[in-house]
2 protein chains.
Amino acid sequence: MNALDITEVARRSGVPASTLRFYEEKGLIASVGRRGLRRLFDADVLERLALIAMGRAAGFSLEEIARMFAPDGRPRIDRRMLSAKAEQLDKTIRELSAMRDGLRHAAACPAASHMECPTFRRLLRGAASGATGARSRKRLPPR
Amino acid sequence: MNALDITEVARRSGVPASTLRFYEEKGLIASVGRRGLRRLFDADVLERLALIAMGRAAGFSLEEIARMFAPDGRPRIDRRMLSAKAEQLDKTIRELSAMRDGLRHAAACPAASHMECPTFRRLLRGAASGATGARSRKRLPPR
DNA sequence: TCTTGACCTCAAGTCGACTTGAACTGGCAC
DNA sequence: GTGCCAGTTCAAGTCGACTTGAGGTCAAGA
């Protein structure tokens, strides 16, 4: 049989056992049975976990990812959803690029105080208007 | 006098009053006094808020931002810190770009199931190895 | 003077994605 | 047969950045 122990799944996927239980509870993955108390997973859970990891990396929430699987468990990926997320990523990328360039400039800028550097002030205005305008929530990967 | 009411600061900066109080508590901004119970802020708090917004947009935590101000309140921006953050942003940007391209491909891909699309599978392996290898925590801006 | 209501404080709640802790169980080696 | 210990459950805790709620105060307008 190719049923995998939770520890084995954790080892092969790099996803902690606690997270696997959590994902199961959320309906993101399913165990195929038990040996005593112990969960057994089919080997294809690894592919599923990869799919989940990809979704997370692309910025999908677990909620959204869960919705990408049909009740039968097969992936049901909505192409429009993918395009939309791609657009969103693109926007984020553009913003981050501007920010990166600004940071680089500020890091190299010879002005005594950053406040006297025109580039820095321009960046600042951009950020301020970002905060000011719409109720935009922004978050970036920590560390 | 150019002292601003908290509501005025909120209006001009787009930052909710509750957040202003929270930032004050965290030492990110300071009020210059009170009129009765009401906080009064100096107009330069607006610039400070812009600085904070920029820091947030660049992915700095409030902690880190707080450390960017000297005890006297003047910005004390560490150029190496800026470069480091720029590098980090650059890495994020590269990852997101790959993800975006992958999503676009998947959205346009004619394969019946995404699992049969080589590009999609490649993306998947990338994401899986990301999750697998180091304990990398990833998060992207929601909505 | 009295009322109003915006602002105040402090504690607690929220959100997402997990992790941690306490108490328990059961297959397997001895 | 029995003890070990990796696995199990369920509740609660964590983290960051705020928001919300209850109950209180006070400057200003009628």
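So that the names make sense, note that chain A is the first sequence line, chain B the second, and so on, each numbered from 1.
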Starting the side chain at C-beta, find the nucleotide from [options] nearest to [X].
{"X": "A/R56", "options": "C/dC18, D/dG7, D/dT9", "answer": "C/dC18"}
{"X": "B/R39", "options": "D/dG7, C/dC8, D/dA17", "answer": "C/dC8"}
{"X": "B/R35", "options": "C/dC8, C/dT19, D/dA28", "answer": "D/dA28"}

Is it true that B/E95 and B/R100 make a salt bridge, defined as a side-chain N closer than 4.0 Å to a carboxylate O?
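Salt bridge flag = no for B/R100 with B/E95.
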Considering heavy-atom distances to DNA chain C, does A/S18 or B/L37 have its closest nucleotide positioned more toward the 5' end?
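The residue mapped nearer the 5' terminus is B/L37.
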Could you check how far [atom1] of [X] sits from [atom2] of [N], rounded to whole Å?
{"X": "B/E24", "N": "C/dC8", "atom1": "CD", "atom2": "P", "answer": "9 Å"}
{"X": "A/L62", "N": "C/dC18", "atom1": "CG", "atom2": "P", "answer": "5 Å"}
{"X": "A/I6", "N": "C/dG27", "atom1": "CD1", "atom2": "C1'", "answer": "17 Å"}
{"X": "A/L28", "N": "C/dG16", "atom1": "CG", "atom2": "P", "answer": "14 Å"}
{"X": "B/K26", "N": "D/dG16", "atom1": "NZ", "atom2": "P", "answer": "9 Å"}
{"X": "A/L20", "N": "D/dT8", "atom1": "CG", "atom2": "P", "answer": "10 Å"}
{"X": "B/R34", "N": "C/dC8", "atom1": "CZ", "atom2": "C1'", "answer": "7 Å"}
{"X": "B/D5", "N": "D/dC26", "atom1": "CG", "atom2": "C1'", "answer": "14 Å"}

Is any side-chain N or O of [X] closer than 4.0 Å to OP1 or OP2 of [N]?
{"X": "B/R21", "N": "C/dC8", "result": "yes"}
{"X": "A/Y23", "N": "C/dA17", "result": "no"}
{"X": "A/T19", "N": "C/dA17", "result": "no"}
{"X": "B/R38", "N": "D/dA27", "result": "no"}

Atom CE of B/M99 and atom CG of A/D90: how far apart are they, to the nearest 0.5 Å?
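These two atoms lie 14.0 Å from each other.
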Rounded to the nearest 0.5 Å, what separates atom OG in A/S13 from atom CG in A/L4?
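One gets 10.0 Å once the value is rounded to the nearest 0.5 Å.
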What residue pairs, at least two apart or across chains, pass side chain to side chain donor-acceptor pair (under 3.5 Å) with a residue in residues 23-32 of chain B?
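Pairs touching residues 23-32 of chain B that pass the test: B/E24-B/S31, B/E24-B/R39.
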Does atom CZ (A/R80) have a neighbourhood of more than 12 heavy atoms from anything else shown, all under 6.0 Å?
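No - once you tally the heavy atoms of other residues, nucleotides and ligands closer than 6.0 Å, there are 12 at most.
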